[in-house]
Peer 1: 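Following this message is one structure expressed as C-alpha cells.
Whatever order the structure lists ligands and atoms in, that order sets their numbers, starting from 1. Computed from heavy atoms alone, side chains included, the values below leave out hydrogens, waters and symmetry copies.
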Amino acid sequence: MKKDLQDAAVEFAKKKMAAFDAGHDWQHIERVRRMARHIQHKEKAGDPDVVELAAILHDIADSKFRKEDAEDSGSMAYRFLVKQGLDPVKAKAVRNVIDHISFSSGFSDREFDSVELQIVQDADRLDAMGAIGIARAFNYGGYKNRALYDPEREPAQYDSPGAYRKSDAPTLNHFYEKLFLLKELMNTTTGKEIARERHDFMVAFVEQFKKEWNPT
Ligand code: ADP
Ligand code: NI
C-alpha cells in the first residue's frame, strides 16, 4: 500500500478525533495500531493494509460523542478511502472491521467475521484492559462526573447498547460490567495470551481498591 494513503488516513483521523477525551485520544489509536500490527505478525494472517487502516480509522466518529443521526466511523472511513483512490473492495473490508469492532455492537450475534476484524478488535479490547485500561476507565468516569465506587450499587447486566451507554454507575462497576468480560471475548491466540496478564492485573487492582475502601 502507498505510504501516502496511511499518512493521509492519520491526518484525517487526527482531525476528526481532536475533540475527544484523553481515554480516546490519538494515543489510543497509536497503541491499537501497534498492537494490531504485533498480533498480525504473530498470527501471520490477514491483510496488513486492511488491519492498519482499520486501526487508524476505527474511532473517527465515536458513538459516545456523536449525535444520533450523524455519520458513523465505518461509512466515513469508506468514503474517505475510496476518495483517496483505494480499491473499493479493500475499503469495504476496512469498513466491515470498523462497523463490527465495538463492545456494544457485541450485544447482537456476530453477523460479520474476518481475520482483520478479529485482530483489530483484539487490539482495541486489549487497550481497555490492564494498567492502561484502568487509567482510561477512571479518566472516562471523571469526564462523566461519576463516583469512583459505591458499595451500595451492584454491577448491572445490560441487555442493550442504549442501557449500557446510559448507565451512570460508579467507575468500579465498569470492571464487572465490561472490563472483566473482555478476556473471554478475545479472538486470536496472541490476543488471549496478552489478555491473561492484563486481566489478572485488573483483578488485583480491584481487590486492593476494595481492601483500602474498608480497612477493618
Ligand atoms: P467500545 O467502543 O468498545 O464500546 P468505549 O468507546 O465504550 O468502547 O470505551 C472507550 C474507553 O472508555 C474504554 O477504555 C472503556 O473501558 C472506557 N469506558 C467506556 N464506558 C465506561 C464507563 N461507563 N465507565 C468507565 N469507563 C468507561
Ligand atoms: Ni478504540
Peer 1: Could you tell me whether a side-chain N or O of Arg198 sits under 3.5 Å from a main-chain N or O of Leu126, the two making a donor and an acceptor?
Peer 2: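 Side chain of Arg198 to backbone of Leu126: a pair is present.
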
Peer 1: With the Ni ion (ligand 2) at the apex, how many degrees lie between NE2 of His28 and NE2 of His58, rounded to 10 degrees?
Peer 2: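 My answer is 100°, to the nearest 10°.
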
Peer 1: For Arg79 and Gln84, does a side-chain donor sit closer than 3.5 Å to a side-chain acceptor?
Peer 2: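 Judged by distance alone, the side chains do not pair up.
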
Peer 1: Against heavy atoms of Arg146, which atoms of ligand 1 measure under 4.0 Å?
Peer 2: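 Listed by number with element, the hits are 22 (C), 23 (N), 24 (N).
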
Peer 1: Given the Ni ion (ligand 2) as the apex, I'd like the angle to OD2 of Asp59 and OD1 of Asp124, rounded to 10 degrees.
Peer 2: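 Rounded to 10°, it measures 170°.
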
Peer 1: Can you tell me if Gln118 and Thr188 form a side-chain donor-acceptor pair at under 3.5 Å?
Peer 2: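 There is no such pair (donor and acceptor under 3.5 Å, judged by atom type) between the side chains of Gln118 and Thr188.
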
Peer 1: Provide the number and element of each atom of ligand 1 under 4.0 Å from a heavy atom of Leu179.
Peer 2: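 Near Leu179, the atoms of ligand 1 are 16 (O).
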
Peer 1: Would you say the side-chain atoms of Asp113 and His100 include a donor-acceptor pair closer than 3.5 Å?
Peer 2: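 There is no such pair (donor and acceptor under 3.5 Å, judged by atom type) between the side chains of Asp113 and His100.
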
Peer 1: May I ask which of His174, Glu177, Gln121, His58 has a heavy atom nearer to atom 17 (C) of ligand 1 than the others do?
Peer 2: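 It is His174 that holds the nearest heavy atom.
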
Peer 1: Which atoms from ligand 1 have a heavy atom of Arg136 less than 4.0 Å away?
Peer 2: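 In order of number, 10 (C), 11 (C), 13 (C), 14 (O).
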
Peer 1: Evaluating non-hydrogen atoms only, which member of Ala137, Gly133, Ala128, Gly142 is closest to atom 25 (C) of ligand 1?
Peer 2: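 Closest candidate by heavy-atom distance is Ala137.
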
Peer 1: Could you tell me whether a side-chain N or O of Gln121 sits under 3.5 Å from a main-chain N or O of Ser102, the two making a donor and an acceptor?
Peer 2: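 Looks like no, no N/O pair under 3.5 Å.
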
Peer 1: Indicate if the distance from the Ni ion (ligand 2) to the nearest N, O or S atom of Asp127 falls below 2.8 Å.
Peer 2: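 Of the N, O and S atoms in Asp127, none lies under 2.8 Å from the Ni ion (ligand 2), which means no.
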
Peer 1: So, Asn214 side chain and Thr216 main chain: donor-acceptor pair closer than 3.5 Å or not?
Peer 2: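 Checking the backbone N and O of Thr216 against the side chain of Asn214, no donor-acceptor pair under 3.5 Å is found.
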
Peer 1: Classify the contact between Lys178 and ligand 1 as side chain, backbone, both or neither, using a heavy-atom distance cut-off of under 4.0 Å.
Peer 2: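 For Lys178, the contact with ligand 1 is made by the side chain alone.
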
Peer 1: Does CD in Gln208 sit with more than 12 non-hydrogen atoms of other residues, nucleotides or ligands closer than 6.0 Å?
Peer 2: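 Yes.
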
